[in-house]
Amino acid sequence: MDRNKRNSTRIEADFEAYITIGEVVTPVSTRNLSLKGALLYGCEDCVAGTPCELHLPLSPGIRIVVTGEIVRIKGSYAAMSFKEMDELSFTFLHRLVTLNADHPEKVDEELLRIFEKF
């Protein structure tokens, strides 16, 4: 996808994480993150259209847990679209993206646009 068509701020993020698909847990690493999704490396067995859950440990006792779907595969990379997360995971994700964004003010503008759709 052309980066200019994206309407969410992505941050470069190299975190160790794991993805759960059914009963299978696979270690992956993130390449970038946004409030709406992630690019994951190491998900060779992932298939587009598959529901999944991403676990992103930030520190002992603190983790982001997001359910979603694999939307695109390219080589060893899988793009995941986020569908649902609890309030605490959202708070951590929002803070992580905001603190690492080139233009942090845009993150909240994007968030407002998402809520306006509801």
Side-chain angles (χ1 to χ4, degrees):
M1 175 185 275
D2 181 358
R3 287 187 176 271
N4 296 328
K5 291 182 182 179
R6 288 187 177 143
N7 52 7
S8 60
T9 298
R10 290 191 175 271
I11 61 164
E12 297 300 315
D14 188 17
F15 290 103
E16 296 301 314
Y18 59 94
I19 190 167
T20 303
I21 299 174
E23 299 292 321
V24 178
V25 177
T26 303
V28 295
S29 57
T30 63
R31 289 300 178 246
N32 63 47
L33 289 169
S34 74
L35 295 179
K36 295 172 61 176
L39 182 63
L40 307 172
Y41 177 76
C43 198
E44 287 86 4
D45 295 332
C46 292
V47 176
T50 305
C52 57
E53 186 173 81
L54 178 67
H55 294 256
L56 178 60
L58 299 176
S59 66
I62 298 176
R63 72 179 52 232
I64 295 170
V65 179
V66 185
T67 59
E69 178 181 328
I70 302 297
V71 292
R72 189 174 57 259
I73 302 292
K74 187 171 184 180
S76 295
Y77 291 91
M80 179 183 176
S81 174
F82 297 160
K83 303 292 183 199
E84 190 176 327
M85 68 187 87
D86 63 34
E87 188 176 334
L88 195 54
S89 289
F90 176 77
T91 300
F92 291 141
L93 179 63
H94 177 260
R95 190 77 172 141
L96 182 65
V97 172
T98 302
L99 287 173
N100 291 283
D102 290 336
H103 302 284
E105 68 283 355
K106 289 186 178 183
V107 177
D108 286 331
E109 292 171 12
E110 294 162 9
L111 189 56
L112 287 174
R113 284 195 304 269
I114 291 169
F115 285 126
E116 287 173 353
K117 293 179 183 178
F118 294 102

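What's counted below: heavy atoms across the whole structure, side chains too, no hydrogens, waters or symmetry copies. All values derive from a computational prediction rather than experimental measurement.
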Under 4.5 Å between side-chain heavy atoms, hopping through other hydrophobics if needed: is there a path connecting Leu93 to Leu58?
yes

What are the two closest non-hydrogen atoms of Lys36 and Ser8, and how far apart are they?
CD-CB, 4.0 Å

If the condition is side-chain hydrogen bond (donor to acceptor under 3.5 Å, both in side chains), which residues does Ser76 pass it with, not counting sequence neighbours?
Glu44

Report the residues that fulfil side chain to side chain contact (heavy atoms under 4.5 Å, CB included) with Asn100, sequence neighbours left out, ordered by chain and then residue number.
Ile11, Leu96

Taking side-chain hydrogen bond (donor to acceptor under 3.5 Å, both in side chains) as the definition, give me every residue that meets it alongside Asp45, ordered by chain and number, with sequence neighbours left out.
none

Got a donor-acceptor contact below 3.5 angstrom from the Ser89 side chain to the Asp86 backbone?
no

Taking only residues two or more places apart in sequence, or in another chain, which ones meet Ser29 in a side-chain hydrogen bond (donor to acceptor under 3.5 Å, both in side chains)?
Arg31

According to side-chain hydrogen bond (donor to acceptor under 3.5 Å, both in side chains), who are the partners of Thr26, at least two apart in sequence or on a separate chain?
none

Joint cluster assignment, Ile21 & Val47, ILVMFWY side-chain distance < 4.5 Å:
no

Only counting residues at least two apart or in another chain, list the ones meeting disulfide bond (SG atoms under 2.5 Å apart) with Cys52.
none

Joint cluster assignment, Met80 & Val71, ILVMFWY side-chain distance < 4.5 Å
no

Are Val97 and Leu39 grouped together when hydrophobic residues (ILVMFWY) are joined by side-chain heavy atoms under 4.5 angstrom apart?
no

Closest heavy-atom pair, Ala101 versus Pro104, reported as atoms and distance to 0.1 Å, is O-CD, 3.6 Å

Between Pro57 and Ala17, what is the shortest heavy-atom contact and its length?
CD-CA, 4.2 Å

Just grab all the ring-ring contact (aromatic ring centres under 6.0 Å, His included) pairs involving residues 42-78, residues at least two apart or on different chains.
Tyr18-His55, Tyr41-Tyr77

Under 3.5 Å, is there a donor-acceptor pair between the side chain of Ser81 and the main chain of Glu69?
no

Using 0.5 Å steps for rounding, measure from the CG atom of Leu35 to the CD atom of Glu110.
6.5 Å

With sequence neighbours left out, the residues meeting side chain to side chain contact (heavy atoms under 4.5 Å, CB included) with Asp102 are none

Who passes side chain to side chain contact (heavy atoms under 4.5 Å, CB included) against Glu109, sequence neighbours left out?
Glu105, Lys106, Arg113

Between atom CD of Glu53 and atom CD of Glu84, what is the distance when rounded to the nearest 0.5 Å?
9.5 Å

Straight-line distance of Asn32 CG to Asp14 CG, nearest 0.5 Å:
11.0 Å

Would you give the length of the straight line joining atom OG1 of Thr30 to atom CD1 of Ile19, rounded to the nearest 0.5 angstrom?
11.5 Å

Is there a path of hydrophobic side-chain contacts, each under 4.5 Å between heavy atoms of I, L, V, M, F, W or Y residues, that connects Phe15 with Val28?
yes

Contacts of Val66 that satisfy side chain to side chain contact (heavy atoms under 4.5 Å, CB included) - sequence neighbours left out
Ile64, Phe82, Met85

